[in-house]
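Reading through the C-alpha cells given below for one structure.
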Amino acid sequence: MNTPIQLYLKDLERSRGDLLAEMEQEAREKEFPIIGAQCGRRLMIFAMMIGASKVFEMGSGFGYSTLWFGHAVGPLGQVTHTDGDPANTEQARKYIGRAGMSDRVRFLTGDAVALLTEDDGLYDVILIDIDKQDYPKALTAAIPKLRIGGLVLTHNATWGNRVADPNETEETTEGIREYNRGAFEHPELATFLDPVDDGLAISLKLDASVRAGLPL
Ligand SMILES: C[S@@+](CC[C@H](N)C(=O)[O-])C[C@H]1O[C@@H](n2cnc3c(N)ncnc32)[C@H](O)[C@@H]1O
C-alpha cells in the first residue's frame with residue numbers, strides 16, 4: 001500500500017534503529033508478514049500509554065513485534081513470544097538476544113490460543129496476529145486474560161480492505177469480520193478500528209457496568 005498518505009507517514013517515521021531495519025529487510029526478502037514500522041510504533045506507544053509491563057503476543061513470527069513491545073515494557077517487564085513454528089522461535093531468540101532483551105522475553109512454541117488459555121497470568125496487552133480464521137477464538141481466549149484497563153491490539157483488522165468487499169467470502173476475511181463484530185459488541189470492551197496500514201483494532205477492557213454506561 002503506497003497511497004500518498006502512506007508515503008507521507010513513511011517519510012515521517014524514518015529513524016528506528018539498525019536492528020528493526022535489519023528485520024524489516026529480512027521480512028521483505030523472505031516475504032514474511034510483519035506488522036511493519038508504522039504499526040510497531042503504535043503498539044509500543046499504546047503499551048507505554050497504559051504503563052504495560054506484561055504483554056502476551058499471539059503470533060510473534062521471528063520477533064519483530066516482540067522487539068517493539070520489549071522497548072515498551074522496559075527491563076523489568078515481560079513479553080511472551082508465541083509461535084507455532086519452532087524455526088521462528090529460534091530466529092526470534094537470536095534477534096532478541098542481539099537487542100539485549102533476553103531477560104524480558106519468554107518464548108513459547110505451540111498454538112497461541114491453547115498457550116494463552118492454559119496460562120495463569122493476567123496481561124496488560126495482548127496482541128493478536130495469528131492465522132486470520134482463528135481470530136474469533138483468539139478473542140475469546142484473550143478477554144479473561146486481560147486486566148481491566150488492558151488492551152487487545154489486533155493486526156490486519158481491515159485485511160487489505162477485503163472486510164468491506166461484499167463479494168469477498170474467504171475464510172480468513174470472514175474470521176476478521178467476525179472478530180471485529182465481536183470486539184465492537186463485547187460487553188467488556190470499548191473498541192475502535194484504526195484503518196491505517198491494514199487496520200489495527202484497539203480494544204480497551206472495562207468493567208461491564210462502566211461499558212454499559214458508554215454511548216457505544
Ligand atoms: C503475521 S505473522 C506474525 C508477525 C509478528 N507479529 C510480527 O509482526 O513480527 C503470523 C505468525 O503467527 C504464527 N501463527 C499462525 N497461527 C498461529 C497459532 N494458532 N498459534 C501460534 N502461532 C501461529 C505463524 O507461524 C506466523 O509466524
Side-chain angles (χ1 to χ4, degrees), residues 1 13 16-17 19-47 52 55-73 79-99 101 104-119 123 125-142 145 151-160 162-163 170-176 178-179 194 196-202:
M1 275 178 283
E13 300 178 354
R16 55 186 170 276
L19 195 54
L20 286 165
E22 184 182 325
M23 294 170 93
E24 288 158 19
Q25 179 64 26
E26 171 156 2
R28 272 192 297 275
E29 283 167 11
K30 295 190 174 158
E31 297 187 8
F32 187 94
I34 57 170
I35 52 167
Q38 290 170 23
C39 188
R41 171 183 290 255
R42 276 182 292 169
L43 299 186
M44 182 184 73
I45 293 171
F46 277 125
V55 174
F56 193 102
E57 291 193 308
M58 305 177 82
S60 303
F62 64 82
Y64 180 79
S65 51
T66 317
L67 184 47
W68 281 101
F69 280 127
H71 284 289
V73 300
V79 183
T80 301
H81 170 291
T82 71
D83 206 276
D85 182 343
N88 287 336
T89 312
E90 275 324 297
Q91 209 184 351
R93 272 185 203 280
K94 289 183 189 149
Y95 275 120
I96 295 299
R98 283 175 59 198
M101 293 187 188
R104 66 183 88 160
V105 178
R106 177 174 72 134
F107 294 93
L108 302 176
T109 303
D111 172 46
V113 177
L115 289 168
L116 182 57
T117 304
E118 288 154 14
D119 195 279
Y123 292 89
V125 174
I126 297 175
L127 172 75
I128 299 178
D129 195 15
I130 57 172
D131 290 344
K132 309 311 161 192
Q133 64 275 15
D134 292 331
Y135 272 24
K137 278 197 292 187
L139 181 64
T140 303
K145 304 295 179 177
L151 296 171
V152 189
L153 302 172
T154 300
H155 190 229
N156 306 117
T158 53
W159 201 222
R162 290 189 283 277
V163 288
E170 282 291 313
E171 193 187 10
T172 49
T173 309
E174 293 291 10
I176 293 173
E178 186 181 335
Y179 176 90
D194 175 354
V196 172
D197 202 19
D198 211 30
L200 182 68
I202 299 148

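We count ligands from 1, going down the list as the structure has it; atoms in each ligand are counted the same way.
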Mind listing the side-chain donor-acceptor pairs of residues 32-43 below 3.5 Å, one per line with the distance, residues two or more places apart or on another chain?
unit_1, atom_1, unit_2, atom_2, d
Arg42, NH1, Asp194, OD2, 2.7
Arg42, NH2, Val196, O, 3.3

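For the pair Ile96/Leu67, a side-chain contact is recorded, criterion being any heavy-atom separation below 4.5 Å from C-beta on. Counting only heavy atoms from C-beta outward, the side chains of Glu170 and Gln133 never approach each other to under 4.5 Å. For the pair Trp68 and His71, the minimum side-chain heavy-atom distance is 4.5 Å or more. Under the 4.5 Å side-chain criterion, counting only non-hydrogen atoms from C-beta, Asp129 is in contact with Tyr135.
Looking only at distances, no side-chain donor or acceptor of His81 sits under 3.5 Å from a matching main-chain atom of Ser65.
Each of Phe32, Pro33, Ile34, Ile35, Gly59, Ser60, Gly61, Tyr64, Ser65, Asp83, Gly84, Asn88, Gly110, Asp111, Ala112, Asp129, Ile130, Asp131 has a non-hydrogen atom positioned under 4.0 Å from some atom of ligand 1.
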